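FYI, side chains are in, hydrogens and waters are out, and symmetry mates aren't considered; it's all heavy atoms of this structure. Naming convention: chains lettered A, B, ... in sequence-line order (proteins, then strands); numbering from 1 in each chain. Nothing here was measured: the structure is a model prediction, and the numbers come from that model.
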Number of protein chains: 2
Amino acid sequence: MPNIKGLSHVAIAVPDLEAAAQALAAKLGINAGPIKENPQQGVRLSYVDLGNARIELIQPISPDSPIAKFLERNPAGGLHHVCFNTEDLDVALAAVTQAGVRQAGKAGLNVHGDRIAFLNPKDVLGALVELEEKHE
Amino acid sequence: MPNIKGLSHVAIAVPDLEAAAQALAAKLGINAGPIKENPQQGVRLSYVDLGNARIELIQPISPDSPIAKFLERNPAGGLHHVCFNTEDLDVALAAVTQAGVRQAGKAGLNVHGDRIAFLNPKDVLGALVELEEKHE
């Protein structure tokens with residue numbers, strides 16, 4: 001089994017990261033942290049720490065990014081994926097593969113250097129799920 | 001300010017609640033709890049407790065439910081909304097209204113009797129946000 005250990009974050013794809021962070025602060029009173037870039041994933045992003053879990057705001061920096069394609073279909077942005085923590089990404093990916101779940105793209109690294117992988121939404125309730133290797 | 005106090009849950013709309021719960025258990029090794037019905041919201045649902053936050057699986061029981069309309073556009077299901085906790089729903093709704101955010105529908109109750117309200121996605125980054133009054 002993939003040994004899921006909690007909900008890391010919920011990601012919202014946005015066309016303009018600075019405007020999105022300002023809107024969340026002004027409308028909901030929640031503040032996004034520093035902007036980081038992840039060239040490997042073709043995105044720039046910022047986290048809103050809600051204490052028990054985080055919101056990730058993601059903006060594409062490459063037209064090839066899956067986020068860019070999501071925004072073509074949803075120009076205003078929207079809920080993009082949910083990320084779960086797992087202790088060992090290799091174990092988790094072997095387990096989900098054995099259960100018939102395909103990966104979406106290749107495993108990579110997030111802005112903190114944690115290993116991550118996405119699962120094919122067609123195999124997981126139509127929802128895009130990310131797995132993130134997190135050592136406590 | 002709406003005084004947001006954490007991430008309560010991420011909701012996934014599903015066409016078949018029992019099948020969805022079985023799929024999550026078989027594929028990700030995470031288990032949904034008892035099924036509850038919320039006639040006021042026109043849904044039946046089940047929570048997966050991940051420790052720090054929950055996944056909510058929701059199936060429509062009424063064709064008028066917004067979940068039914070979501071599934072017409074996304075027959076396989078998908079990420080539907082994210083829910084934040086707030087200490088006082090009236091205070092939160094007054095604050096977001098003053099900040100120009102409209103409600104989606106009327107405030108109501110969830111299956112635990114907590115007061116809830118949804119915000120118009122057009123006013124919050126294209127994402128459907130639920131606020132839930134939670135007393136710690």
Side-chain angles (χ1 to χ4, degrees), chain A residues 1-16 19-21 23-30 48-55 57 70-71 74-86 92 95-101 119 121-129 131, chain B residues 1-16 19-21 23-30 48-55 57 70-71 74-86 92 95-101 119 121-129 131:
Chain A
M1 277 301 159
N3 212 5
I4 283 169
K5 292 290 185 189
L7 197 159
S8 167
H9 62 263
V10 180
I12 300 175
V14 300
D16 180 330
L24 280 189
K27 293 174 171 178
L28 298 184
I30 52 181
V48 180
D49 191 350
L50 294 172
N52 62 328
R54 292 167 301 159
I55 299 294
L57 302 174
F70 178 88
L71 288 177
N74 306 277
L79 291 176
H80 184 262
H81 67 264
V82 58
C83 179
F84 302 137
N85 288 132
T86 183
V96 299
T97 301
Q98 195 170 14
V101 176
L119 307 181
K122 290 182 181 163
D123 297 337
V124 193
L125 312 182
L128 182 58
V129 170
L131 298 177
Chain B
M1 279 299 161
N3 212 5
I4 283 169
K5 291 289 187 191
L7 197 158
S8 167
H9 62 264
V10 180
I12 301 176
V14 300
D16 181 331
L24 279 190
K27 293 174 171 179
L28 298 184
I30 52 180
V48 180
D49 190 350
L50 294 171
N52 61 329
R54 293 167 300 158
I55 298 295
L57 302 174
F70 178 88
L71 288 176
N74 307 277
L79 291 176
H80 184 262
H81 68 264
V82 58
C83 179
F84 301 137
N85 288 132
T86 182
V96 298
T97 302
Q98 195 171 15
V101 177
L119 306 181
K122 290 182 181 162
D123 296 337
V124 193
L125 311 183
L128 181 57
V129 169
L131 298 177

Considering only heavy atoms and a distance below 4.5 Å, find which of [options] pairs most often with chain B.
{"options": "A/Asn3, A/Asp123, A/Val124", "value": "A/Asp123"}
{"options": "A/Gly29, A/Pro75, A/Ala95", "value": "A/Gly29"}
{"options": "A/Val129, A/Leu28, A/Leu24", "value": "A/Leu28"}
{"options": "A/Ile55, A/Leu79, A/Asp49", "value": "A/Leu79"}
{"options": "A/Leu50, A/Val10, A/Val14", "value": "A/Leu50"}

Below 4.5 Å from any heavy atom of chain B, which atoms of [X] appear? Answer side chain, backbone, both or neither.
{"X": "A/Leu131", "result": "neither"}
{"X": "A/Ala25", "result": "backbone"}
{"X": "A/Ala23", "result": "side chain"}

Counting heavy-atom pairs under 4.5 Å with chain A, which one of B/Ala20, B/Ala13, B/Pro121 comes out on top?
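Answer, by heavy-atom pair count under 4.5 Å with chain A: B/Ala20.
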What option among B/Asn74, B/Leu57, B/Ile4, B/Leu7 has the most heavy-atom pairs under 4.5 Å with chain A?
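When all of B/Asn74, B/Leu57, B/Ile4, B/Leu7 are compared, B/Leu7 has the most.
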Toward chain A, the part of [X] with a non-hydrogen atom under 4.5 Å:
{"X": "B/Val82", "value": "both"}
{"X": "B/Ile12", "value": "side chain"}
{"X": "B/Leu125", "value": "both"}
{"X": "B/Val96", "value": "both"}

Beyond-backbone contact of A/Leu128 with A/Phe70, side-chain heavy atoms, under 4.5 angstrom
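Not touching, per the 4.5 Å side-chain cut-off.
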Is a side-chain N or O of B/Thr86 found less than 3.5 angstrom from the main chain of B/Pro2, in a donor-acceptor match?
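At least one qualifying donor-acceptor pair exists.
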Which atom of [X] lies closest to which atom of [Y], heavy atoms considered:
{"X": "A/Gly77", "Y": "A/Leu71", "result": "CA-CD2, 3.6 Å"}
{"X": "B/Ile30", "Y": "A/Phe84", "result": "CD1-CE1, 4.5 Å"}
{"X": "A/Asn85", "Y": "A/Ser8", "result": "ND2-CB, 3.6 Å"}
{"X": "B/Ala99", "Y": "A/Lys27", "result": "CB-CA, 3.8 Å"}
{"X": "A/Asn52", "Y": "B/Gly6", "result": "OD1-CA, 3.5 Å"}

